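The block underneath contains the structure these notes are about, expressed in structure tokens.
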Amino acid sequence: MKNYIAGLSLLLAAATSVSASKGHPACPPISGDLTVNLRNIYPEGVDFFPPNCKIYVGSLNNNTLIEYDPYTSATQVIEFPGISYNKEYLICGIDYSPATETLYISANARAPWWNPGSDTMGWNLTGPNRLIHYSPLNASVLWTADVDPLVETTERRLGALIGGFQDIAEDRDGNAYAAISWSNIILKLDGRGRASKFYEPAQADMDTRTYGFGGWFVSSEDNALVLSDGVSHRFARFDLSGPDPAEPTWSAPANHPEGYATALWCDSLVVLKGFGEKVALCADVFDQMIAPHGIIAVYYSEDGWRSSEYIGAVPVEFEQAPGAWSTATFEALGRSYALMSALPYELGRFPEVEKTPLVDITDQISQLLKERESRGVGSVDALQYPLEM
Ligand SMILES: *[C@@H]1O[C@H](CO)[C@@H](O)[C@H](O)[C@H]1NC(C)=O
Ligand SMILES: *[C@@H]1O[C@H](CO)[C@@H](O)[C@H](O)[C@H]1NC(C)=O
Ligand SMILES: *[C@@H]1O[C@H](CO)[C@@H](O)[C@H](O)[C@H]1NC(C)=O
């Protein structure tokens with residue numbers, strides 16, 4: 001277990017979902033497994049970008065962004081001056097924002113995640129953190145937010161280090177939310193990249209040593225920010241259009257299996273439009289009870305994520321990607337995909353890999369919904385999913 005934890009100093013990322021994009025030609029359908037044929041990407045984040053029908057994969061090896069064409073398999077490497085090839089950084093979450101038709105990218109400090117000098121993730125919370133707002137449509141960085149001054153002010157006030165910018169999610173008004181996994185503080189960035197504190201736990205609940213918020217999404221249905229919390233094993237939900245947008249409500253999913261110690265330790269959390277935003281996927285790279293290379297935990301909610309239940313797991317044992325973990329999931333045109341990443345958990349160093357598989361797990365999710373229905377617990381007609389998009 002110790003070695004495993006040592007390796008665990010690595011992961012985390014995420015992605016959001018797809019929406020029909022305005023004013024752009026519809027994308028041809030996508031289904032089945034896809035392969036990004038570039039060496040040693042080690043991705044933590046990925047998303048589909050409907051305006052140009054491309055998939056964007058983050059490389060934590062080089063801190064570059066890979067543009068991947070799912071129809072031709074052509075790739076292009078996008079560099080960020082000062083961040084790419086700089087080992088202080090680790091590119092994690094990649095997120096499509098429908099409101100702005102842009103991508104948000106978390107280029108955060110490497111030390112919290114991967115620190116060969118330590119055997120615990122989160123042990124060294126130092127290093128630079130940037131959030132990049134990128135436009136694939138005109139291939140330009142719109143801004144790069146330096147959140148370190150705000151982080152440092154907060155650290156001085158708390159008398160403790162905080163860190164771990166895993167992911168980013170955007171609301172319908174073009175604001176972005178970046179949670180800090182060690183502290184559960186959430187920063188908000190406005191459309192110009194100005195950062196402010198959005199949420200901070202009460203002092204009694206402040207825990208800067210435990211992995212907390214790991215994945216999050218904003219539902220398009222009701223503009224709610226939903227986060228997975230590894231500290232309390234609950235979801236936090238912020239009603240961004242409500243009277244108290246920064247006041248969360250908390251709920252523990254029903255039906256977690258007995259002994260599931262890593263429940264809601266998500267490397268990414270994604271809600272699926274193809275499943276009516278009733279299904280969310282937590283990439284749990286930490287689980288070793290259900291499968292040795294972790295699982296994608298599947299959650300279900302009928303009330304906009306005010307309450308939820310665990311409906312099962314997609315184990316990461318894909319023959320397409322031996323030795324890989326799934327660090328994130330994403331959705332493309334109603335199909336759900338697991339991003340496969342070769343991580344240093346077994347070797348203590350990154351294995352050499354020729355490609356990155358994107359594994360279509362849509363049918364396994366449909367199957368879990370059907371099993372739930374056959375247990376007679378729900379009213380949802382599983383057969384209507386996934387929706388055609
Ligand atoms: C990473 O950098 C190496 C060395 O410059 C290069 O050969 C490789 O293609 C890059 N890969 C990615 C995914 O950026
Ligand atoms: C923590 O990480 C920083 C890089 O941000 C590194 O310079 C420093 O040596 C690390 N600290 C320890 C004690 O390993
Ligand atoms: C690039 O596109 C974004 C929207 O995607 C727009 O806000 C920005 O002004 C564009 N920049 C340039 C230089 O065209």
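In listed order, ligands and their atoms are each counted from 1. Throughout, residue positions are numbered sequentially from 1 according to the sequence presented. Values reported hereafter were calculated over all heavy atoms of this structure, with side chains retained and with hydrogens, waters and symmetry mates removed. Computed from a predicted model, the values in this text were never measured in an experiment.
- Residue Tyr85 has no nitrogen or oxygen atom sitting less than 3.5 Å from a nitrogen or oxygen atom of ligand 1, judged on distance alone.
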inquiry  = Quick one, Asp148 with Asn129, criterion side-chain hydrogen bond (donor to acceptor under 3.5 Å, both in side chains). Give me CA distance, side-chain angles, the key distance, then yes/no.
reply    = CA-CA 6 Å; Asp148 290 338; Asn129 300 289; 3.2 Å; yes
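- Ring geometry for Trp265 versus Tyr211: interplanar angle over 60°, hence perpendicular rather than tilted (30 to 60°).
- Residue-ligand proximity, Ile66 to ligand 1, at heavy-atom distances under 4.0 Å covers atoms 13 (C).
- Nearest to atom 11 (N) of ligand 2 by heavy-atom distance, out of Leu125, Leu161, Thr126, Asn124, is Asn124.
- Side chains of Ser59 and Asn61: a donor-acceptor N/O pair is absent below 3.5 angstrom, by distance only.
- Counting atoms of ligand 1 from 1 in the listed order, those under 4.0 Å from a heavy atom of Val77 are 14 (O).
- Protein heavy atoms are found less than 4.0 angstrom from atom 13 (C) of ligand 1.
- Screening Phe235, Tyr300, Tyr299 for a ring pair (Phe, Tyr, Trp, His ring centres under 6.0 Å) with Tyr310, the sole residue that qualifies is Tyr299.
- Judged by distance alone, with hydrogens and angles left aside, the side-chain atoms of Asn63 form a donor-acceptor pair with the main-chain N or O of Ile91 at under 3.5 Å.
- Residue contacts with ligand 2, taken as heavy atom pairs separated by less than 4.0 Å, do not involve Tyr89 at all.
- For the residue pair Arg335 / Ser31, no side-chain donor-acceptor distance below 3.5 Å is found, with atom types taken as modelled.
- Less than 4.0 angstrom separates some heavy atom of Ala111 from each of these atoms of ligand 2: 2 (O), 5 (O).
- The protein does not reach atom 7 (O) of ligand 1 closely, with no heavy atom under 4.0 angstrom from it.
- In summary, the aromatic rings of Tyr56 and Tyr68 are positioned with their centroids too far apart to meet the 6.0 Å limit.
- Considering backbone and side-chain N/O of Asn40, none are found under 3.5 Å from N/O of ligand 1.
- Closest protein heavy atom to atom 3 (C) of ligand 1: Asn62 ND2, 3.5 Å.
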